[in-house]
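Note sheet for the following structure.
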Amino acid sequence: MSTLTNRRILLAITGGIAAYKSAELTRRLKDAGADVRIVMTRGAQEFITPLTLQALSGHPVHTELLDAEAELGMGHIELAKWADLLLIAPATANCMAQLAQGKADDLLSTICLATVAPIAVAPAMNQAMWADAATQANLDTLQARGFHIWGPGQGIQACGDIGYGRLLEVEELVTHCQQMFESGALAGQHVVITAGPTREAIDPVRYISNHSSGKMGFALAEAAIAAGAKVTLIAGPVNLATPERCERIDVVSAQNMLDASLQLISDADIFIATAAVADYRPINPADQKVKKTPSREEFTLHLVENPDILATVANHADRPFCVGFAAETQQVEDYARAKLAKKNLNMIVANDVSDPSIGFNSDNNKVTLIDQTSSTSIGPLSKRALADKLIIEMANRQKAQQ
Ligand code: C5P
């Protein structure tokens, strides 16, 4: 998987002859997994049409600052917030001057002021314009303000001159983007997470289940995405919104959850099982609603053991790095360590669910992280803060094994 998977790149095109290369750049960034949206200045539209970029990016192209219709879709502030990276390629001498002055007189310059995302500038202009003292002074200003400057390259220019001012090659720009995102602890990794309870049918209207909220699994999904991973959440019936940029597969029973997990196994780098899977299910769920019989005071339900999803994944020939969760009410660490060995896991996160201030439905959690050689206590922390710490611990251990 590429480090651009799940990354949002706002590609801004300004008015130079190199604008034609932005079409290829859009394709290559998308091939590398990025979600690409396009902003074009008026000048850029003289060289290449918004329609071309719309077709290649798969999204409407943004061209106007004051366009009521566009603002109804994704306005300039939303675009500024959406981006993980704003890449201006090609950036003209005029664009660099606008940025150096901090102007906000068109869509692109306004987004540049409004975004907190890193801004990369890939200059492209005639060699004399690049060498001009004004452009060089603007360059110094932008560098001092933390803009990333990619290029320009050297060589024969469209106007016939030779020198510095060529837009970097498309491959070089894609590599710069990838390097920018390589720092995430899980950059380029696919993380699969099971979350929530399972429901095991007794008849069409009744089921056996448990109180799992799914909050820990969803918090881990958010943390893994923030660390650069592509995440697939396999969720039992829970009442939680899907985290942004997360693929979600909804399942009901343990068997459904196992099937979904096995489908993803060969593509997964890390498998995290937070689901509270029902240990048993009714052997033969009734096709019709079971009626209450007045003379019958006792009702016997025959159950059969469910497959252990985590153990099945962890013992697969193509196994990813496997992390389990153990909710215990006594001898927490001993029982968790036994599960680590029995299920063939790389790591297990144990928590004491007898304490009502942490665990199942609570927003806070305190855990002990156990692997073959160590045991570390983490928390109490909010589930999201805890998730961030757990993701770092998993990433470190998984990297150490590679
Ligand atoms: O054995 P126990 O249920 O305590 O193990 C807990 C761990 O195993 C959790 O990570 C849970 O998601 C996983 N598990 C599973 N399939 C089962 C039972 C548990 O994946 N049938």
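When a ligand or atom number is given, it counts from 1 through the structure's own listing order. Note that the structure is a prediction, hence the values are computed from the model and not measured. What's counted below: heavy atoms across the whole structure, side chains too, no hydrogens, waters or symmetry copies.
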Query raised in the report: Are the side chains of Thr110 and Leu108 in touch, meaning some heavy atoms are under 4.5 Å apart?
Result: no

**Report entry** Identity and distance of the protein heavy atom lying nearest atom 18 (C) of ligand 1
**Finding:** Val277 CB, 3.8 Å

Report summary line: among protein heavy atoms, the one nearest atom 20 (O) of ligand 1 is Leu310 N, 2.8 Å

**Report entry** No-hydrogen, no-angle side-chain donor-acceptor test under 3.5 Å, Asn306 and Asp279
**Finding:** no

Query raised in the report: Are His302 and Asn284 linked by a side-chain donor-acceptor pair shorter than 3.5 Å?
Result: no

Query raised in the report: N/O of Ala275 under 3.5 Å from N/O of ligand 1, yes or no?
Result: yes

Query raised in the report: Heavy atom of Asp308 under 4.0 Å from ligand 1?
Result: yes

Query raised in the report: Considering only the protein, which heavy-atom contact is closest to atom 4 (O) of ligand 1, and what is its distance?
Result: Lys339 NZ, 2.3 Å

Query raised in the report: Between the side chains of Arg245 and Asn6, does any donor sit under 3.5 Å from an acceptor?
Result: no

Query - Heavy atom of Ala254, distance to ligand 1 below 4.0 Å - result: no

Query raised in the report: What's the shortest distance from atom 7 (C) of ligand 1 to any protein heavy atom, and which residue and atom give it?
Result: Phe325 O, 3.0 Å

Query - Salt-bridge contact Lys343-Asp308 (side-chain N to carboxylate O under 4.0 Å) - result: yes

Query raised in the report: Counting both backbone and side chain atoms, is some N or O of Lys343 under 3.5 Å from an N or O of ligand 1?
Result: yes

Report task. Flag Pro307 as yes when one of its N or O atoms lies below 3.5 Å from any N or O atom of ligand 1, and as no otherwise. Result -> yes

Requested in this report: Would you mind reporting whether Asn346 and Arg397 have side-chain heavy atoms less than 4.5 Å apart?
Outcome: no

Requested in this report: Report the C-alpha distance between Glu24 and Arg28 in whole Å, list the side-chain angles of each, state the deciding distance to 0.1 Å, and finish with yes or no for salt bridge (Lys or Arg N to Asp or Glu O under 4.0 Å).
Outcome: CA-CA 6 Å; Glu24 183 66 11; Arg28 293 289 154 253; 2.9 Å; yes

Report task. Before signing off on this row, confirm whether Ala273 and ligand 1 have an N or O atom pair separated by under 3.5 Å. Result -> yes

Requested in this report: Considering heavy atoms of the protein only, find what lies nearest to atom 16 (N) of ligand 1 and give residue, atom and distance to 0.1 Å.
Outcome: Ile309 N, 3.0 Å

Query raised in the report: Crowded around Ile283 CD1? As in, over 12 foreign heavy atoms under 6.0 Å?
Result: yes

Requested in this report: Please say whether Thr194 places an N or O atom under 3.5 Å from an N or O atom belonging to ligand 1.
Outcome: no

**Report entry** Val323, any N or O under 3.5 Å of ligand 1 N or O
**Finding:** no

**Report entry** Carboxylate-amine/guanidinium proximity below 4.0 Å for Lys383 and Glu222
**Finding:** no

**Report entry** Heavy-atom neighbours of Phe321 CZ exceed 12 at 6.0 Å
**Finding:** yes

Query raised in the report: So is Ala326 polar-close to ligand 1, meaning N/O to N/O under 3.5 Å?
Result: no

Query raised in the report: Gly324 heavy atoms, cut-off 4.0 Å: which ligand 1 atoms fall inside?
Result: 10 (O)

